[in-house]
Amino acid sequence: MLTEGISVPSLNTEFLGRDTKEAACKLLGQYICRETEEGLVSGIIIETEAYLSENDSACHAARGKSRRNATMFGPPGIAYVYFIYGNHYCFNVVTGPEGKGEAVLIRAVEPVEGLELMQKRRGEGCKINNLTSGPGKLCQAFAIDRSLDGHDLSRKPLYLKENALHKGVLSIKNTPRIGVSSAQDKPLRFIINGNAFLSR
DNA sequence: GTTAAGATCTGCT
DNA sequence: GCAGATCTTAACG
């Protein structure tokens, strides 16, 4: 039986509400965990992108609140999940002050627990480094869909967890964002330098 | 009501 | 390396 909505010993997400770029950096190296009736999967966040409310035409919230992006205007620390290209979900962490409309897209994670379950969801024989190396892929591996839109990420069945090992010893690099057709000049993508599970 | 574009992935060349 | 899949959303009529 799944214990929905139970608080877990999770990451202190206080920093998410301050600055979105800072949040994108600090989410790198932390665990993301997902529990379903099939079992637990988890991974380390290794690639993020910041989407800002001001002066950022690539952000869904750039033209005000709408039905699709309403979740982005909610309190920091909740999930914003949307469907794109007819095939894929993308998973974001809402950041910044409530009502501002900013978020951090989780683009890739390094698989840690539940590899077999991820493989089952992604397709038998799927290579390890192809399980979660992209926003659509990790949503499939983690069984993330729109039922988790607005979910509080300090609670089961989807939550962030602190990774004490990575404190302050990460080599973080920032680059332009991937896949956006505007605001390509902004270096708002953050990656753990050299990690084998990056989307590219 | 209709249409075009999109924070992507896969399979084929 | 490139085109196709596939559907939701938002903008327009």
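Sequence lines set the chain letters: A, B, ... in the order given, protein chains first and strands last, and positions in each chain run from 1. Computation of the quantities below employed the complete heavy-atom set of this structure, encompassing side-chain atoms and omitting hydrogens, waters and symmetry-equivalent molecules.
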Salt bridge (Lys or Arg N to Asp or Glu O under 4.0 Å) filter on A:R177, not counting sequence neighbours, yields A:D56
Contacts of A:D19 meeting salt bridge (Lys or Arg N to Asp or Glu O under 4.0 Å) (sequence neighbours excluded), chain-then-number -> none
Problem - Residues A:E22, A:R18; criterion salt bridge (charged side-chain N to carboxylate O under 4.0 Å, His left out); working and verdict - result: CA-CA 8 Å; A:E22 176 192 349; A:R18 291 202 292 267; 3.0 Å; yes
Between [N] ([atom2]) and [X] ([atom1]): distance, integer Å:
{"X": "A:N69", "N": "B:dG6", "atom1": "CG", "atom2": "P", "result": "16 Å"}
{"X": "A:R146", "N": "B:dA7", "atom1": "CZ", "atom2": "C1'", "result": "16 Å"}
{"X": "A:L105", "N": "B:dT8", "atom1": "CG", "atom2": "P", "result": "8 Å"}
{"X": "A:E49", "N": "B:dT8", "atom1": "CD", "atom2": "P", "result": "7 Å"}
{"X": "A:L138", "N": "B:dA7", "atom1": "CG", "atom2": "P", "result": "16 Å"}

Ring centroids only, cut at 6.0 angstrom: are A:F91 and A:Y89 within range, meaning strictly under it?
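No, too far apart.
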Taking only N and O in the side chain of [X], is any of them less than 4.0 Å away from OP1 or OP2 of [N]?
{"X": "A:R68", "N": "C:dA11", "result": "no"}
{"X": "A:S66", "N": "C:dT9", "result": "no"}
{"X": "A:R107", "N": "B:dT8", "result": "yes"}

Applying ring-ring contact (aromatic ring centres under 6.0 Å, His included) to A:Y31 and not counting sequence neighbours gives none
If you check every side-chain atom of [X], which of [options] has the closest atom?
{"X": "A:R63", "options": "B:dT8, C:dA5, C:dA11", "answer": "C:dA11"}
{"X": "A:S181", "options": "B:dA7, C:dT8, B:dG6", "answer": "B:dG6"}
{"X": "A:N87", "options": "B:dC9, C:dT6, B:dA7", "answer": "C:dT6"}

Would the base of B:dA7 count as contacting A:Y82 through its side chain, where contact means a donor and an acceptor less than 3.5 Å apart?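 Answer is yes: a donor-acceptor pair is held.
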Are there any protein N/O atoms within less than 3.5 Å of an N/O atom in nucleotides 10-13 of chain B, and if so, which ones and at what distance?
{"unit_1": "B:dT10", "atom_1": "OP1", "unit_2": "A:R122", "atom_2": "NH1", "d": "2.7"}
{"unit_1": "B:dT10", "atom_1": "OP1", "unit_2": "A:R122", "atom_2": "NH2", "d": "2.6"}

So the salt bridge (charged side-chain N to carboxylate O under 4.0 Å, His left out) pairs with at least one residue in residues 182-200 of chain A (sequence neighbours excluded) are A:E47-A:R189
Which part of the nucleic acid, if any, lies within contact of [X], taking any heavy atom under 4.0 Å across all strands shown: a base, the sugar-phosphate backbone alone, or nothing?
{"X": "A:R177", "answer": "nothing"}
{"X": "A:Y85", "answer": "base"}
{"X": "A:R189", "answer": "nothing"}

Writing each nucleotide of DNA chain B 5' to 3' as (, ), [, ], | or . by Watson-Crick or G-U pairing under 3.5 Å yields ||||||.|||||.
| query | Charged N to carboxylate O below 4.0 Å: is that the case for A:D149 and A:R146? | reply | no
Rounded to the nearest 0.5 angstrom, the CG-OG1 distance for A:L52 and A:T20 is 6.0 Å
NZ or CZ of A:R68 within 45° of A:Y82 ring axis and under 6.0 Å: yes
With clusters defined by side-chain heavy atoms of hydrophobic residues (ILVMFWY) lying less than 4.5 Å apart, directly or transitively, does A:V180 cluster with A:F83?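 No; A:V180 is not reachable from A:F83 via cluster members.
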